[in-house]
Chemist: 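For reference, the structure I am asking about is given below.
Both ligands and their constituent atoms are indexed starting at 1 by order of listing. All heavy atoms count here, side chains included; hydrogens, waters and symmetry mates do not.
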Amino acid sequence: MHVPFVDLQAQHAPLSAAIEDTWRGLLARGDFVMGAAVERFEADYAAFIGARHAIGVGTGLAALELVLRGLDIGPGDEVITPANTFVATVFAIMAVGAKPVLVDMDAATYGIDAGAIDAAVTSRTRAIMPVHLYGQPADLDGVAAVARRHSLLLIEDAAQAHGARYRSRRAGSFGDAAAFSFYPSKNLGALGDGGIITTSDDRLAERLRLLRNYGQRAKYHHAIAGTNSRLDTLQAAVLSIKLPHLDRWNAARRAHADAYTARLQGHVQTPIAAAGVEHIYHLYVIQTPARDALEQRLKARQIHTGIHYPVPAHLQEACASLGYQAGDFPVTEAAASRILSLPMFAELTETQIDYVADAVLASM
Ligand SMILES: Cc1ncc(COP(=O)(O)O)c(C=O)c1O
């Protein structure tokens, strides 16, 4: 048996006729940039998340960067974010000229350690940017309390958490703004790059709509020096077809995670969903001291896995200028050599899950 890490063909097979129909219509109308398909998806996504606005953009990285620009965060400012994240979170802060100030992760949930944030706050801190890593909302009560105490903005990196809930509200509805990625393998993915920002701040939403589209209020009338980072019309149409399936796909992922955990608990460290949180298992991440050997044994049985992420952000060559060194974030660093992401997608079968679990146990 062969078990891929994600199986996009399996997700797309039942949707391809609808996608082709919609794309044929857009092709016939010559509708390629912005337009009704983008507006419709933005309205549907805002309603889904429970935010007043959704602003489609080119990528998840652009979503983060534009939020920071929209909130006037730049040179001289500091933004607090976890060391355990995909490097885009840190790059977005660097891209606007602000300084990323990193904080270690919570050992149980992989999210930012809210108890460690206070010590990282300085007079330059403008915002906290928690990441809902692997599909589990960060400790938003803890983070929001620190943000309130120091009058800081709260920006959610929700790139891995489409539809996840924290105390029954969706991730992406808590902060001043949130950024999502529609990279194809995300729980809600496009057929190429895409991203979106959610916010309930009317003025910020208006500014973001300008920033993503050359600052244009009307064609060739530029109010501010914006950029070109729009959600592609063909991708918006695909995302509208997929969005109604998202809760069902996420529920399937949760069931698969429970099945893995039932088999693997006690043999490897299995993921923990915090109380009051609905984890959507973008990634199912286990820990074991013999990670590299396990990865190789699974590969030999045609089981594809991933490591998210092998080198923490603060130890990346690209982040050398931040001045961090090995030992600065011990929880994140210890996890980096032990974590392994098992195959996870809504269409996984019971047989595949059993095959993977058997292979993990046989490799211990
Ligand atoms: C946590 C996190 N932040 C930001 C991004 C950036 O998204 P994109 O790849 O769409 O630019 C990603 C995705 O890859 C991510 O996982």
Chemist: Among all protein non-hydrogen atoms, which one is nearest to atom 11 (O) of ligand 1, and what is the separation to 0.1 Å?
Modeler: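 Residue, atom and distance for the closest contact: Leu61 N, 2.9 Å.
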Chemist: When you measure from atom 3 (N) of ligand 1 to every protein heavy atom, which one gives the shortest distance, and what is it?
Modeler: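 Ranking protein heavy atoms by distance from atom 3 (N) of ligand 1, first comes Asp157 OD2, 2.8 Å.
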Chemist: Which word best sums up how the rings of Phe5 and His308 line up, parallel for under 30°, tilted for 30 to 60°, or perpendicular for over 60°?
Modeler: parallel
Chemist: Among all protein heavy atoms, pick the one closest to atom 9 (O) of ligand 1 and tell me residue, atom and distance.
Modeler: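 Result for atom 9 (O) of ligand 1: Ser181 OG, 4.0 Å.
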Chemist: Nearest protein heavy-atom contact for atom 15 (C) of ligand 1: which residue, which atom, what distance?
Modeler: Ala159 CB, 3.5 Å
Chemist: Could you tell me whether the side chain of Leu342 reaches within less than 4.5 Å of the side chain of Leu264, counting heavy atoms only?
Modeler: yes
Chemist: Which of the numbered atoms in ligand 1 are under 4.0 angstrom from any heavy atom belonging to Val131?
Modeler: 1 (C)
Chemist: Closest by any non-hydrogen atom to atom 8 (P) of ligand 1: pick that one out of Ala88, Ala63, Gly60, Ser185.
Modeler: Gly60
Chemist: Which residue and non-hydrogen atom of the protein lie closest to atom 13 (C) of ligand 1, and at what distance in Å?
Modeler: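 Here the nearest protein heavy atom works out to Lys186 NZ, 2.9 Å.
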Chemist: Give me the nearest non-hydrogen protein atom to atom 16 (O) of ligand 1 as residue plus atom name, then the distance to 0.1 Å.
Modeler: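 Going atom by atom, the protein heavy atom closest to atom 16 (O) of ligand 1 ends up being Gln160 NE2, 2.8 Å.
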Chemist: Would you kindly check if the NZ (Lys) or CZ (Arg) of Arg169 is within the cone defined by 45 degrees around the ring axis of Phe174 and under 6.0 Å from the six-membered ring centre?
Modeler: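 Yes; both conditions hold, so Arg169 lies above the ring face of Phe174.
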Chemist: Is the NZ or CZ atom of Arg170 both under 6.0 Å from the centre of the six-membered ring of Phe48 and within 45° of that ring's axis?
Modeler: yes
Chemist: Between His256 and Arg253, do the side chains contain an N or O donor and an N or O acceptor separated by less than 3.5 Å?
Modeler: no
Chemist: Between Asp72 and Arg126, is there a side-chain N and carboxylate O pair less than 4.0 Å apart?
Modeler: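 No, this pair does not count.
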